[in-house]
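Numbering of ligands and ligand atoms starts at 1, following listing order. Numbers for residues simply follow the sequence, beginning at 1.
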Amino acid sequence: MTRQYFGRKRILVTGGAGFLGSHLIDRLLDRGDEVLCVDNLFTGDKSNIDHLSGHPRFEFMRHDICFPLYVEVDQIFNLACPASPVHYQHDPVQTTKTSVHGAINMLGLAKRLNCRIFQASTSEVYGDPSVHPQPEEYWGNVNPIGIRSCYDEGKRCAETLFFDYHRQHDLEIKVVRIFNTYGPRMHPADGRVVSNFIMQALAGEDITMYGDGSQSRSFCFYSDLIDGFLKLMDSPPEVTGPINIGNPVEFTIRELAELVLELTGAKSKLLFKPLPQDDPTQRKPDITKARELLGWEPKVQLREGLLETIAYFRRFFD
Ligand code: NAD
Ligand code: UDP
Ligand code: UDP
């Protein structure tokens, strides 16, 4: 049975008040969909969706996806989960519950509605990778009992659940492995490296460099990532993923700090701090599959994306 009226889809976005979820919602509304945003506001912020209050095709529901949810929709994007190490380690049991119980509830909902469901997985499923760059076939190198495990293993278990619901119940699934993504609407106290460095530079504070800064990441601008999300969700049913979406241009964390200092014009010094336990030493996506199956690749260079992000964070200093 279809629940589409006038050709409009009703789309559930969990974690919709967060950084990525709120940008996704903007894009869905722009193309004419109806959106139900479900969020418990743990790391998300209502200010990310304030501009949508009163929008005739937008609705917000405060709800924790660890509990069952009975609504009627045509598609589900499951993004609910704290993403910054500082936040997901704050209440690690809740992080695992969100990934695992949350996935079970959202998959149960998708099963009842027989609707397509998308999972925001992560490059963290590769752990501290011994294969570089990381293709989707790589099974990863993950510590099951460390301080990052609540997130890494939670997301790995969620992937398992998605593929078992697909095999066992014929559910249409779309699993994306997101590599470090940044941009406007990251919370100023989010704790991830891009927002930390920019906030510190703009405040004239020291830049907190964990370790010697030789560890690497590949940074994707949010708009490129959301393009990839939509291409994957609208791809044929046999394209299930997991599929890497990220920017394959790799930077050391020290290079990132230098670029932030150059673009902000700040004179901050580097303050070296110990490297957190299990911090991955390198990370870079192999995006061959995204190119071939989705015709997707990122367009925004780090310098360009950082300038837009810096402009956004300046509002906290006005
Ligand atoms: P975010 O913290 O800004 O957003 C997560 C949202 O989920 C928040 O609004 C939060 O309040 C909500 N949430 C958390 N637990 C919930 C629960 N139990 N029930 C309902 N809502 C809950 O982070 P983000 O960067 O926007 O990340 C979104 C998704 O993408 C997450 O699943 C994350 O794991 C994944 N991801 C992000 C990145 C990245 O670099 N941004 C990388 C890999 C994966
Ligand atoms: N569920 C939900 N909304 C629904 C249907 C199911 O939140 O519309 C939850 C429900 O809590 C259930 C879980 O999803 O425990 C898994 O559902 P499934 O049908 O796979 O399993 P079962 O109901 O047999 O536990
Ligand atoms: N990092 C840092 N200073 C900070 C925050 C993070 O040097 O203030 C480092 C962190 O140790 C890691 C990298 O930057 O090596 C990316 O960290 P982030 O928390 O953004 O994401 P991760 O990829 O580790 O999940």
Side-chain angles (χ1 to χ4, degrees), residues 14-24 37-46 48-49 61-72 77-88 91 94-95 97-99 101-113 119-125 148 151-152 154-155 158 161 165 168-169 171 176-183 185-187 190-197 199-200 207-220 222 225 245-246 252-254 256-257 270-276 278-281 283:
T14 77
F19 160 50
L20 295 176
S22 62
H23 285 298
L24 171 64
C37 167
V38 164
D39 201 298
N40 68 351
L41 300 181
F42 174 49
T43 52
D45 200 304
K46 270 192 142 170
N48 288 335
I49 48 171
M61 182 192 287
R62 190 166 180 153
H63 173 82
D64 181 333
I65 63 159
C66 297
F67 298 95
L69 177 68
Y70 287 81
V71 291
E72 309 305 310
F77 282 88
N78 187 36
L79 271 64
C81 188
S84 159
V86 179
H87 294 296
Y88 71 63
D91 186 348
Q94 170 68 12
T95 300
K97 283 184 185 168
T98 294
S99 284
H101 288 181
I104 291 173
N105 286 327
M106 293 308 101
L107 287 161
L109 174 64
K111 186 182 126 198
R112 177 175 64 79
L113 300 173
Q119 167 68 358
S121 190
T122 169
S123 54
E124 291 288 326
V125 301
R148 294 175 82 100
Y151 185 75
D152 300 10
K155 290 283 191 179
L161 285 160
Y165 269 78
Q168 199 173 327
H169 300 301
L171 212 56
V176 63
R177 290 185 179 153
I178 305 167
F179 284 65
N180 297 64
T181 302
Y182 68 99
R185 296 194 195 154
M186 290 185 91
H187 197 282
D190 178 272
R192 280 176 279 185
V193 68
V194 174
S195 44
N196 268 11
F197 284 5
M199 287 299 288
Q200 290 161 348
I207 303 286
T208 51
M209 178 77 57
Y210 302 160
D212 62 4
S214 63
Q215 71 272 33
S216 73
R217 295 292 187 273
S218 307
F219 298 99
C220 186
Y222 80 91
L225 188 88
I245 299 281
T252 65
I253 296 305
R254 198 172 182 131
L256 174 72
L270 302 185
L271 175 66
F272 290 90
K273 294 198 156 194
L275 193 65
D278 294 340
D279 199 282
T281 48
R283 193 185 285 150

Taking only heavy atoms of Ile104, which atoms of ligand 2 are found under 4.0 Å from at least one of them? 13 (C), 14 (O), 16 (C)
If you count the atoms of ligand 2 from 1 in the order shown, which ones are under 4.0 Å from a heavy atom of Arg112? 4 (C), 8 (O)
Decide whether [X] and [Y] meet the rule of one side-chain donor and one side-chain acceptor closer than 3.5 Å.
{"X": "Asn180", "Y": "Arg283", "value": "yes"}
{"X": "Arg177", "Y": "Ser121", "value": "no"}
{"X": "Gln215", "Y": "Thr252", "value": "no"}

Min heavy-atom dist Tyr165 to ligand 2 below 4.0 Å: yes
Which residues pass the salt bridge (charged side-chain N to carboxylate O under 4.0 Å, His left out) test with Asp190, not counting sequence neighbours?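 Arg192.
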Location of contacts on Lys111 toward ligand 2, heavy atoms closer than 4.0 Å: side chain
Counterpart residues, ring pair (Phe, Tyr, Trp, His ring centres under 6.0 Å), relative to His23 (two or more places apart):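 Ring pair (Phe, Tyr, Trp, His ring centres under 6.0 Å) check on His23 returns Phe19, Tyr222.
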Is it true that Lys155 and Glu124 have a side-chain N and a carboxylate O under 4.0 angstrom from each other?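 Between Glu124 and Lys155 there is no salt bridge, as every charged N stays at least 4.0 Å from the carboxylate O atoms.
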Hey, which residues fall under 4.0 Å of ligand 3 on heavy atoms?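 Around ligand 3, where the cutoff is 4.0 Å for heavy atoms, the contacting residues are Pro85, Glu124, Arg148, Asn180, Gly191, Arg192, Val193, Asn196, Phe197, Thr208, Met209, Tyr210, Gln215, Arg217, Ile253, Pro276, Asp279, Arg283.
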Going through the checks in order, is the salt bridge (charged side-chain N to carboxylate O under 4.0 Å, His left out) test met by Asp91 and Lys97? CA-CA 10 Å; Asp91 186 348; Lys97 283 184 185 168; over 6 Å; no
Hey, is CZ on Phe272 packed in by over 12 heavy atoms from elsewhere, all under 6.0 Å?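 Above 12, so yes.
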Any heavy-atom pair between the side chains of [Y] and [X] that's under 4.5 Å?
{"X": "Tyr151", "Y": "Pro85", "answer": "no"}
{"X": "Ile178", "Y": "Ser123", "answer": "no"}
{"X": "Pro82", "Y": "Phe42", "answer": "yes"}
{"X": "His63", "Y": "Leu69", "answer": "yes"}

N/O separation below 3.5 Å, Pro68 to ligand 2: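 Pro68 vs ligand 2: no N/O contact under 3.5 Å.
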Would you please write out the protein residues whose heavy atoms approach any atom of ligand 1 to under 4.0 angstrom, listed by chain and number?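 Protein residues near ligand 1 are Gly15, Ala17, Gly18, Phe19, Leu20, Asp39, Asn40, Leu41, Phe42, Thr43, Gly44, His63, Asp64, Ile65, Leu79, Ala80, Cys81, Pro82, Ala83, Gln94, Thr98, Ala120, Ser121, Thr122, Tyr151, Lys155, Ile178, Asn180, Thr181, Arg192.
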